[in-house]
Each structure stands twice: as structure tokens, then as C-alpha cells.
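Below is one structure, written out as C-alpha cells; the observations come after it.
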Number of protein chains: 2
Amino acid sequence: MVKRVYENFLEAVLAGKENVNVEADKKRPKKKRSRIQTENRALILDAALQVFSTDGYRGATLDRIAEKAGMSKTNLLYYFPSKEDVYRTALEQIVVNWLDPFRDIDGDGDPIEQLRRYITLKLKASHENPEASRLFANEIQRGAPLIKGFLETTLKSLVDEKAKVIHGWIDEGKLAPIDPYHLIFLIWATTQHYADFDVQVSALLGSQASKPGFYEQSAQAVLSIVLNGIRPR
Amino acid sequence: MVKRVYENFLEAVLAGKENVNVEADKKRPKKKRSRIQTENRALILDAALQVFSTDGYRGATLDRIAEKAGMSKTNLLYYFPSKEDVYRTALEQIVVNWLDPFRDIDGDGDPIEQLRRYITLKLKASHENPEASRLFANEIQRGAPLIKGFLETTLKSLVDEKAKVIHGWIDEGKLAPIDPYHLIFLIWATTQHYADFDVQVSALLGSQASKPGFYEQSAQAVLSIVLNGIRPR
DNA sequence: ATAAAACTTGACTGGTTGGTCAAATTTGAA
DNA sequence: TTCAAATTTGACCAACCAGTCAAGTTTTAT
């Protein structure tokens, strides 16, 4: 329930609206979606994820997305009013999923355990859904035109909050005195790397990278470095 | 001199040639460049770096690059035969500069000092030339169509070599037993993050990120985590 | 069964893009 | 100075692009 409200808020933020009123938002008539609508929107968003993540917003074309989704471009435009709207919707889904495990970091838990959990979840997400990671990276790299406001408000609040949590751990002597923000960046950077630079990782590790246990092995290696880097000393 | 030969090799690799013959390469007639040619090629490559790094290969347009370079598109095409050639040339320059500090890691030196030096150099490069970093990231994210071969041959050899160096350090007890490849990835990921995700970093740190000493502070934070994460224990 | 609503598509439009070409202007060696 | 080579540009082209429109086909509620 809370999550639903949040999604509305996020939608509004990404749509560029200022001063979002959640109450007013609730009143907005929810158009129920038919079976075909649900199916086809999903097909389109899935195809969009692939195309946008490799070609970027400008480089992607509706023709290619429609082709991958197995329908005509005209039909795609029946489900989404414009290219930007397809992109925005795909981006929304990604950001929402992206935030959840971060929000779950628990200040009352054991720091090493909490961070181990978070890093593992992020690595798993990068491994299972690399396109989402690449699409997000692309949005940031081109200057975050659609989500700059979101970064500066919602995400910043959340990060500030978690930074305080980490600082609390440091004060209690449970963590080495590292800068919480840079620690968060390091975790994000590293976990994202396995999705965004997948091609490079595979090229450098050869057959090793395609073996079944590779994801667990990467997680183990990253955790071993990061967790020891922040253990109190 | 050695470096010049290497650049030729790299050019050939990026141009997609197989079985590069360095001797034959040397014989290739070097067209001397006029003052105007040197100047304008530099202007174009600088503009191309900006446009390609934000819009990606497909999203970038020659019109925009030409405009940024202060000349007509027709004139740009007088200096470079095609869009892909502009892109390839820009990418070449980046890769060459990118490799140098990595190659300089010295197996005979103190590991902590060598890695401190390398991380600092990489962070500095990301800070001073974020566009180059973003352009490279973009190439990888779209599947590395132009440099996949380079990644699998030249870069792989180099990384394998440095991994052996790191393994040597571990065997001597100078470093914790971490996986060398994942350590390299972690360093690349983190240093690159400050360039590629610049917008996000700035949004989350607010005014702090634009202050003069910010780069040194980031370097300090990253070093503090990574170096402690790999210190022998 | 049937008709309205939902869905799908081919043809089209105005604008953009990478690249060509021929004609002009500028540069620099003699 | 002079003139051939180098440089620069506007006009142009075919391919591509996001989005529209009208005319079909399929689904679904009754």
C-alpha cells in the first residue's frame, strides 16, 4: 500500500511535475487494463529495455523496439503515446526496484551482515537484469534529464538517511571510520560494473565468466575486499 | 618509439584487421599533416568526445559535432571520411591513454604503494577527463562492437600479466588472498564511477561535490577502503 | 448472434541524418 | 606576385525517424 503511493509519487516526479499532491493523485481515475493491454505493454517494455539499454535514448528507434516486441510501430504507439513515454515508464520500473533493497538496510542490525546482504542483493540484480542497470547508467551518463529532480530530492533524502545509519555504526565502533557516501558509491559502482561492463568482464575472464558459479564467485570476491576494508581496526 | 609502434598496432586492431604486421605497418606512408589539418582534427575530436560521450554513438550527430567544433558538417567530413571514423579515432586516443598507468604497475614495488599510485592516477584521470571515461563506458555498454577484439587480445594479455603480479604479492604475504581480477574490476568500477555517474554524485553530495578539495577527498576515501580491504591479515 | 469497443496495420508526413558534389575561397611554395 | 593545392561551404540526396490517420480485423459484453 505504501509502495503504491510511492510509485505514484515517483511517476509524478519523473513526469516533471512539481509539488506532487498524493491525495489528488489518488483521485486520478485508474484505468483498468485489459488482458491484451497488460500483455502488450509488458512486451513493449521488455523490448524497450533491451533497445534503450544498448543504444541509449537517442539512438533507440521505435521501429526496433516494435520489431523486438513483435508488433507494428503503429500498434506500439497505440499503447504508449510517445517514445519518451515508453522510456520514462521503463525507467520508473527500474528505479522503483532499485530503491527497495537500499531502503531495507537496517540500522539496528549488524553492519557487516547488513552490508553483506545489500551487496549480495545488488550483485544478484546486476546479474539477473543487466539491461536495467545499463539503461539507468545511460540515463545518468547523458545528464539524467528525466530523473535529475528525483536524484536531488527523493534519492538524496534516502542516501542522507542511510549515511547517518552508517555514521552511527562508526560511532559505535562497529565500522572503520570511512566516509559513508563514498562507501555507498563504491558499492554501487562495483555491483553495477558487473552489469554495465559485462562484455569487458567476459572478455577478460574468458570461459570462466560463463561458468555456472561465476556470480557467487564474484560476490565472494567483492565481499571479501569491501567488508575487510570497512571492518573496525 | 615503442609507444608509437603500439599505437599503430592498436589502430589496426580497432580497425578490425587481423594478423597485424608491424613491419608492414611501418612502411605505410605517413601523410604529414598541415597546421590547419592538425588544428581542425583536434577541434573535431574534442567536440566528438563531448557529443559521443553524452549521446552515444547512435545518438550523436555529425551536425552537432561540427557545430561544437565551429565548422560545417561538410568540412568535418573533409577531415574524417565518416562518422564511424571520427568515433574510432576518438576511442583509440582514449584507450591508449587509459592503458599507460595500468601498464606501469610495477611488480617489484611495494603493492600497497603501487596500487595507491594507480588508484590515484585513475581517479585523477576520471576527474580531469570524464567525457573520455563516459565514451569508453558507452562503447562497452553497447557490446563493444569496435573494441571487442582488443579487449579479448591485447587487454586480456595485459590484465593476465598484472593478475600474476598481484598473485605474486599474495604469495609473498604482502597482500590478503583476494582474487586479482575482481580487485582490478573493483578499482576500475570505482574510479570510473566518479566520471560516469558524475551527475548522481553531485546530486547526492550537494555543494560538497563542487568544492575545490573534493577530488582529493574522494581519493582519500576510496583508498582508505580499498587498501585496507586488501592489506594482509 | 451481433454490434460496439478494442485492437492492429499500411500508407503517409514533415523533419532529421550521414554523406556527395561542384563551386568558391584561402593558403603557401616558388 | 602567382597559381596549384588545400580548405570551406551551400545545395542536394536517399535513408531513416517519430508520429498521424483512416481503414480494417479481432475481442467481448449482451
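By convention in this document, chain letters (A, B, ...) are assigned in the order of the sequence lines, proteins followed by strands, and residues within each chain are numbered from 1.
Between the CZ atom of A:Arg35 and the P atom of C:dA6 there is a distance of 15 Å, rounded to whole Å. To the nearest angstrom, C1' of D:dG19 lies 15 Å from CD1 of A:Ile44. As rounded to whole Å, 13 Å separates atom P of C:dG18 from atom CD of B:Glu84. Distance A:Asp55 CG to D:dA18 P: 11 Å, rounded to the nearest Å. Rounding to whole angstrom units, CD1 of residue A:Ile65 and C1' of D:dG19 are separated by 14 Å. One interatomic measurement links the two molecules: CZ of A:Arg33 to C1' of C:dA6, which rounds to 15 Å at whole-angstrom precision. Atom C1' of nucleotide C:dT9 and atom CD of A:Glu67 are separated by 16 Å, given to the nearest angstrom. Between the P atom of C:dA6 and the CZ atom of A:Arg41 lies a distance of 15 Å, rounded to the nearest Å.
Residue A:Arg58 has a polar side-chain atom (N or O) positioned under 4.0 Å from OP1 or OP2 of C:dT17. Remark: A:Tyr79 is in phosphate contact with C:dT8, judged by side-chain N or O atoms under 4.0 Å from OP1 or OP2. In this structure, A:Thr74 does not reach the C:dT9 phosphate: none of its side-chain N or O atoms is under 4.0 Å from OP1 or OP2. Contact between the side-chain N/O atoms of A:Asn75 and the OP1/OP2 oxygens of C:dT9 is found at a separation under 4.0 Å.
Residues B:Leu186 and A:Val226 have side chains in contact (heavy-atom distance under 4.5 Å, counting atoms from C-beta outward).
When the nucleotides D:dC21, C:dC21, C:dT17 are ranked by their closest atom to the side chain of B:Asp63, C:dT17 comes out on top. When distances are taken from the side chain of B:Gln37 to each of D:dT28, D:dT7, D:dA18, the shortest belongs to D:dT7. Which of D:dG19, C:dT9, C:dG19 sits closest to the side chain of A:Lys83 comes down to D:dG19. Considering only side-chain atoms of B:Thr61, the nucleotide from C:dT17, C:dC21, C:dG28 that sits closest is C:dT17. In this structure, the nucleotide among C:dG18, C:dA11, C:dT27 sitting nearest to the side chain of B:Leu62 is C:dG18. When each of D:dG19, D:dT7, C:dG10 is scored by its nearest atom to the side-chain atoms of A:Ser82, the top-ranked nucleotide is D:dG19. The nucleotide whose nearest atom lies closest to any side-chain atom of A:Tyr78 is, among D:dG19, C:dC7, C:dG19, C:dC7. Listed nucleotides C:dT9, D:dT9, D:dA6 differ in distance to B:Met71; the shortest reach to its side chain belongs to D:dT9.
Under 4.0 Å is where a charged nitrogen must lie from a carboxylate oxygen, and between B:Arg58 and A:Asp55 at least one such pair does. Salt bridge status for B:Lys73 with B:Asp63: present, with a side-chain N to carboxylate O gap under 4.0 Å. A:Glu152 and A:Lys156 are not joined by a salt bridge, as no carboxylate oxygen comes within less than 4.0 angstrom of a charged side-chain nitrogen. A salt bridge links B:Glu39 to B:Arg35: one of the charged nitrogens lies within less than 4.0 Å of a carboxylate oxygen.
Among the protein residues, B:Phe80 comes within range of no part of the nucleic acid, since none of its heavy atoms lies under 4.0 Å from any strand. When heavy atoms are screened at a 4.0 angstrom cut-off, A:Leu77 is found touching base atoms of the nucleic acid. B:Ala66 comes within 4.0 angstrom of nothing in the nucleic acid, heavy atoms only.
Tested against B:Leu91, the residues B:Asn138, B:Leu49, B:Leu146 include a single side-chain contact (heavy atoms from CB on, under 4.5 Å) partner, B:Leu146.
One donor-acceptor pair, N or O on each side, does fall under 3.5 Å between the base of C:dG18 and the side chain of B:Lys73.
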